[in-house]
Enquirer: 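Pasting a structure below so you can have a look.
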Amino acid sequence: MLLSTGDPVHDIFAILWFLLIAVLLIGYFILDGFDLGSGILYPFIAKKENEKALVRRAVGPLWDGNEVWLLTAGGALFAAFAPAYATSFSGFYLAIILVLFGLIFRAISIEYRDRDPKWKKFWDIAFFLGSFLPALLFGAAIGNVIEGVRLVGAGDIAGTSAAAVASADTAAWFAGLSPGDYAGGFFSLLNPFALLCAITGLVAFITQGAAWIALKVPVGSELHKRAVSARSIFNILELVVFVLTSAIFFIGVAPTFDGRSLLPLAYVFAGVFVIGWALARFFISKGNDLLSFLATNIIPVALIGITAASLFPNLIPAAVNPEGPITYFLLPGADIPADSITIFNAANSLLCLTAMTIITVIALPIVLVYHVIIYRTFRGRISEEDTGY
Amino acid sequence: MELLTDAVLLSRLQFAICVIFHFLFVPLSIGLGLFVALAETRYYKTGDPKDKAATKFWAKIFTTTFIIGVATGITMEFSFGTNWADYSRYVGDIFGAPLAAEALLAFFLESIFLGIVLFAREKISKKLYLVSTWLVFAGSALSALWILIANSWMQTPAGYEDLGTKAEITDFWGAALNPSTIARYLHTVDSVIILASFVVIAVGAYYLLRKTHVDAGKKFVKTGLIVGIVSVVLMLPFAHMQATVVAEEQPAKFAALEGQWEDGPAAFTILGWVDEDSKTTVGLAIPGATSLLASFDASTEYPGLNTTENAVSSFSAYPGVKAESYQGGNPPVNFTFQAYHLMVALYLLLIIWLIIAGVTLKGANKGKTLGKAPLYLLVFGPLIPFLCIQSGWIVAEVGRQPWVVYNLLKTADAVSPVVSAPELLITITLFVVFYLVLFIAWLRLVLGQIKKGPQVEEAPAAPKGGE
């Protein structure tokens with residue numbers, strides 16, 4: 001399979017959309033990272049009712065806009081690379097549904113907890129589990145995709161040319177498994193590298209959450225103290241887990257894709273991770289809440305950067321050897337596995353990508369203005385009066 | 001049991017459960033968004049604490065509802081990929097763009113300004129707050145536009161080229177403004193406003209019944225009545241537009257509406273039953289009435305189900321039909337028929353209920369003692385538009401079967417090949433249980449909020465507190 005759509009302009013748009021989806025995911029992991037993390041920490045660091053209220057109020061006005069970044073990334077994947085959306089969402093079916101239930105209950109728990117004192121225990125659990133499940137499963141999904149997954153074979157899944165598709169037996173195509181469908185099972189998603197990625201993501205979210213709570217709640221309160229110590233502990237854990245995951249990556253995963261054109265960039269992002277981590281460490285030791293929080297947000301940028309750089313130009317790389325855990329090669333000048341879903345064979349049409357680009361160029365600045373408005377409106381620490389207690 | 005092993009059937013069942021549940025909350029929140037903005041506009045003008053209380057009250061019910069709509073909407077966005085992978089591969093080039101545009105242009109708008117409406121009343125100026133309430137409504141109406149563009153494209157595809165295993169977009173505006181988009185949008189948005197106006201009337205009637213918050217109750221009935229009358233009247237031209245589009249573009253659905261088997265002018269059946277085995281429809285019918293509704297001419301002929309069952313190369317014999325390269329295939333006829341007639345019957349009930357509301361309001365304004373029966377009828381009134389909307393969508397979605405993309409992709413071909421029946425049984429069970437929990441939580445909260453009523457803040461020198 002050629003690493004091109006056959007049209008250089010189309011290629012540029014495909015690459016642009018790969019980058020845009022990475023940016024959307026970075027936006028999501030920065031913005032929703034801290035409120036997922038806050039939700040995970042919630043039962044552990046907020047002991048009293050007023051403390052719980054403070055944590056909820058810290059994410060209350062913001063989580064909805066934050067979560068839209070994920071919906072947008074999902075929609076963008078559908079709109080730019082439909083076969084990749086179809087394969088990943090149907091292939092990781094049960095895991096995606098679990099994420100979904102997490103997001104649903106989390107959203108509703110934040111809004112209902114204050115209004116519904118009778119069910120407050122239920123909503124507290126929903127807030128925690130609804131934050132924990134997505135935070136864990138996002139990393140697992142990314143780990144699996146980096147490794148490569150088993151895909152149903154036979155070539156041209158999106159149809160780079162009309163003739164190629166028209167000649168296919170469309171009735172057979174629709175009747176059974178489609179080329180590009182996920183062929184592994186639920187449990188093969190639970191492999192060591194993916195699990196380590198899951199924990200890496202989880203710990204990063206928790207660190208962001210702790211830094212956010214420390215930034216938002218009154219200084220000197222018990223809650224602030226607990227958030228500060230959680231921030232410090234999880235920041236250290238972040239580095240430990242990252243080193244472990246990197247070790248497995250270097251030993252088991254990376255050697256299988258020597259020579260990938262963008263892989264060196266992954267090492268650059270690993271450098272970004274280390275710098276971001278060191279900055280966070282420095283500000284944490286200084287006790288600067290604002291700069292600590294900002295620095296913890298460099299971590300998700302680095303993690304998504306590493307992911308994007310080690311995937312490109314794949315969206316869902318196919319496992320070359322379905323028996324082995326580690327899966328694919330791309331030597332300089334060599335083809336990637338023919339069954340892989342790449343940005344080139346999965347790219348939607350040039351017209352579709354152009355229309356999407358125009359919509360994004362118009363909408364993204366407006367979206368950023370909204371975010372400036374809401375973060376300015378709710379800037380500063382929350383006082384006890386804000387929570388209604 | 002076939003149901004337990006048939007992945008297509010289970011996928012359809014799961015989608016139906018999820019989308020019906022989602023669409024209990026979405027119409028209510030879009031419609032109530034309008035009433036929140038209207039109430040805030042009034043407060044902006046009068047500065048009366050009672051009006052502020054009304055905004056706060058409706059904003060609470062709005063957000064309690066809105067959040068379930070948002071959360072269960074994530075299910076819908078995910079479901080195309082999780083359960084309808086071959087569909088996603090087929091339509092991704094066209095369907096993905098409106099979905100992403102919905103998120104970028106509409107979701108951000110409504111979610112961010114909702115945060116402001118909920119939490120920032122005291123932090124921003126009165127004018128900015130007013131603008132925020134209107135922006136939340138605009139965001140939800142815009143989101144409805146994008147998702148209805150996507151749905152309309154599936155009903156009446158346009159601006160594409162069929163490449164066998166995928167459709168590719170060739171004309172963006174042609175696809176976005178396909179033949180049914182505008183009629184469907186107007187029909188749908190008007191219906192959600194009707195629903196909200198009935199809810200507002202019901203809450204008002206409840207206060208009149210309980211003799212609490214009587215002033216607010218009267219105001220609610222009045223506001224709901226005005227908006228309700230306007231939107232119910234507007235439904236007539238919108239319904240006509242919709243009927244015309246169905247007649248032009250979806251001949252099998254149109255024939256199924258009236259269970260019309262033979263070619264000829266379309267009647268309107270007042271009460272009837274379709275026997276699909278013997279291909280007959282019995283009932284009390286007004287000849288030519290449906291032709292009249294769709295084309296303003298009772299003698300306009302339309303193809304019957306015996307014709308629409310098979311592919312038709314040209315509908316040139318029928319001036320009211322525009323469908324091209326028609327592939328054939330009839331929907332479940334009786335189901336479509338009954339759902340359509342239920343919708344029409346419920347629409348007539350809406351008119352009766354508005355009359356009851358008008359008479360009640362007049363009585364209340366004159367200070368008469370109100371009878372309990374009409375008030376009870378009004379309190380339960382929202383059930384009518386709720387059912388009406390659901391039956392309307394059943395007509396739209398069941399009526400286009402066996403196609404998921406009309407004339408292009410069959411529903412049975414659209415499912416995810418890798419999702420198995422046991423997995424679907426697990427997820428359907430989870431959806432039913434979790435959605436039931438959410439429904440109970442929502443109902444308790446909303447009923448509690450209504451019971452409590454609008455809370456007027458103590459004005460500096462209020463002669464008497466409360467109502």
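In what follows, chains are A, B, ... by sequence order, proteins preceding strands, each numbered from 1. Because the structure is predicted, anything quoted here is derived from the model rather than measured.
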Enquirer: Within a strict 4.5 Å, meaning less than it, do heavy atoms of the A/Thr87 and A/Ile341 side chains meet?
Expert: yes
Enquirer: Report which part of B/Val437 has an atom under 4.5 Å of a heavy atom belonging to chain A: side chain, backbone, both, or neither.
Expert: both
Enquirer: Using a cut-off of under 4.5 Å on heavy-atom pairs, state which of A/Ala86, A/Gly75, A/Ala355 scores highest against chain B.
Expert: A/Ala86
Enquirer: Which atoms of B/Tyr160 are under 4.5 Å from chain A, going by heavy atoms: the side chain, the backbone, both sets, or neither?
Expert: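 Neither the backbone nor the side chain of B/Tyr160 comes within 4.5 Å of chain A.
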Enquirer: Between A/Leu77, A/Leu98, A/Ile97, which shows the greatest number of heavy-atom pairs under 4.5 Å with chain B?
Expert: A/Ile97
Enquirer: Identify which part of B/Ile67 has an atom lying under 4.5 Å from any heavy atom of chain A, answering side chain, backbone, both or neither.
Expert: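 When you check distances to chain A, atoms from both the backbone and side chain of B/Ile67 fall under 4.5 Å.
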Enquirer: Would you kindly check if the NZ (Lys) or CZ (Arg) of A/Arg56 is within the cone defined by 45 degrees around the ring axis of A/Trp123 and under 6.0 Å from the six-membered ring centre?
Expert: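 No, A/Arg56 does not sit over the ring of A/Trp123.
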Enquirer: Heavy-atom distance under 4.5 Å to chain B: side chain of A/Thr360, backbone, both or neither?
Expert: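 Its backbone and side chain both get close to chain B.
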Enquirer: Which atoms of B/Asp171 come close to chain A, meaning under 4.5 Å heavy atom to heavy atom: side chain ones, backbone ones, both, or neither?
Expert: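 For B/Asp171, the contact with chain A is made by the backbone alone.
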Enquirer: I need the residue from A/Leu94, A/Ile96, A/Ile359, A/Asp116 with the largest number of non-hydrogen atom pairs under 4.5 Å to chain B.
Expert: A/Asp116
Enquirer: Check whether B/Leu438 gets within reach of chain A through its side chain, its backbone, both or neither, counting any heavy atom under 4.5 Å.
Expert: side chain
Enquirer: Quick check on the interface: out of B/Phe172, B/Phe78, B/Phe107, who has the most heavy-atom pairs with chain A under 4.5 Å?
Expert: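 When all of B/Phe172, B/Phe78, B/Phe107 are compared, B/Phe78 has the most.
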Enquirer: Check each atom of B/Ala441 against the heavy atoms of chain A and say whether the ones under 4.5 Å are side chain, backbone, both or neither.
Expert: both
Enquirer: Contact part of B/Phe113 toward chain A, heavy-atom cut-off under 4.5 Å: side chain, backbone, both or neither?
Expert: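 The side chain, not the backbone.
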Enquirer: Give the member of B/Asp162, B/Leu109, B/Val415 that has the highest number of heavy-atom pairs under 4.5 Å with chain A.
Expert: B/Leu109
Enquirer: Salt-bridge test for B/Asp86 and B/Arg89: reply yes if a basic N is under 4.0 Å from a carboxylate O, no otherwise.
Expert: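 Salt bridge: yes.
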Enquirer: Check whether B/Glu122 gets within reach of chain A through its side chain, its backbone, both or neither, counting any heavy atom under 4.5 Å.
Expert: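 B/Glu122 has no heavy atom closer than 4.5 Å to chain A.
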Enquirer: Around atom NZ of B/Lys126, are there more than 12 heavy atoms of other residues, nucleotides or ligands at under 6.0 Å?
Expert: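 Yes, the 6.0 Å shell around NZ holds more than 12 heavy atoms from other groups.
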Enquirer: Do B/Arg121 and B/Lys56 have side chains that approach each other closer than 4.5 Å (heavy atoms only, starting at C-beta)?
Expert: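 With C-beta onward as the side chain, the pair touches.
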Enquirer: Given a strict heavy-atom distance threshold of 4.5 Å, which part of A/Phe81 is in contact with chain B: side chain, backbone, both, or neither?
Expert: neither
Enquirer: Against chain A, label B/Trp84 side chain, backbone, both or neither, depending on which of its atoms sit under 4.5 Å from a heavy atom there.
Expert: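 The answer is neither part of B/Trp84.
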Enquirer: B/Phe25 and B/Trp442: side chain to side chain contact (heavy atoms under 4.5 Å, CB included), yes or no, with the steps?
Expert: CA-CA 10 Å; B/Phe25 300 93; B/Trp442 173 81; 3.4 Å; yes
Enquirer: For a 4.5 angstrom cut-off between non-hydrogen side-chain atoms, does B/Thr427 reach B/Gln14?
Expert: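 B/Thr427 reaches B/Gln14 side chain to side chain.
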Enquirer: Side chain, backbone, both or neither: which part of A/Ile366 has a non-hydrogen atom closer than 4.5 Å to chain B?
Expert: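 Neither; nothing under 4.5 Å.
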Enquirer: Centroid separation under 6.0 Å, is that true for the rings of B/Phe431 and B/Phe21?
Expert: no
Enquirer: Classify the side-chain pair B/Tyr435/B/Thr75 by whether it contains a donor and acceptor separated by less than 3.5 Å.
Expert: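 There is such a pair between these side chains.
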Enquirer: Less than 4.5 Å to any heavy atom of chain A: does that hold for the side chain of B/Ile68, its backbone, both, or neither?
Expert: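 B/Ile68 touches chain A through backbone and side-chain heavy atoms alike.
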Enquirer: Under a 4.5 Å heavy-atom cut-off, does chain B meet the side chain of A/Phe101, its backbone, both or neither?
Expert: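 Just its side chain gets close to chain B.
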Enquirer: Do the non-hydrogen side-chain atoms of B/Ser79 and B/Thr82 ever get within less than 4.5 Å of each other?
Expert: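 Yes. Closest side-chain heavy atoms under 4.5 Å.
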Enquirer: What part of B/Leu430 is in contact with chain A, defined as an atom under 4.5 angstrom from a non-hydrogen atom: side chain, backbone, both or neither?
Expert: both
Enquirer: Should A/Tyr28 and A/Phe138 be marked as a ring-ring contact (aromatic ring centres under 6.0 Å, His included) after you check the CA-CA gap, both sets of side-chain angles, and the distance that decides it?
Expert: CA-CA 11 Å; A/Tyr28 175 68; A/Phe138 287 139; 5.6 Å; yes
Enquirer: Under a 4.5 Å heavy-atom cutoff, which of B/Val419, B/Ile426, B/Leu99, B/Leu105 has the most pairs with chain A?
Expert: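 Among the listed options, the one with the most contacts to chain A is B/Val419.
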Enquirer: Out of A/Phe89, A/Phe105, A/Trp69, A/Phe122, which one racks up the most heavy-atom pairs below 4.5 Å with chain B?
Expert: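 So the answer, after comparing A/Phe89, A/Phe105, A/Trp69, A/Phe122, is A/Phe89.
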Enquirer: Is a donor from one side chain sitting under 3.5 angstrom from an acceptor on the other, for B/Thr411 and B/Arg12?
Expert: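 The criterion, which ignores hydrogens and geometry beyond distance, is not satisfied for B/Arg12 and B/Thr411.
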Enquirer: Could you tell me whether the side chain of A/Asp32 reaches within less than 4.5 Å of the side chain of A/Arg106, counting heavy atoms only?
Expert: yes
Enquirer: Picking from B/Leu114, B/Thr63, B/Thr64, which has the most non-hydrogen pairs under 4.5 angstrom with chain A?
Expert: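 Answer, by heavy-atom pair count under 4.5 Å with chain A: B/Thr64.
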Enquirer: State whether A/Arg57 and A/Asp114 are salt-bridged, where the test is any N-O pair (Lys NZ or Arg NE/NH1/NH2 against Asp/Glu carboxylate O) under 4.0 Å.
Expert: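 No salt bridge links A/Arg57 with A/Asp114.
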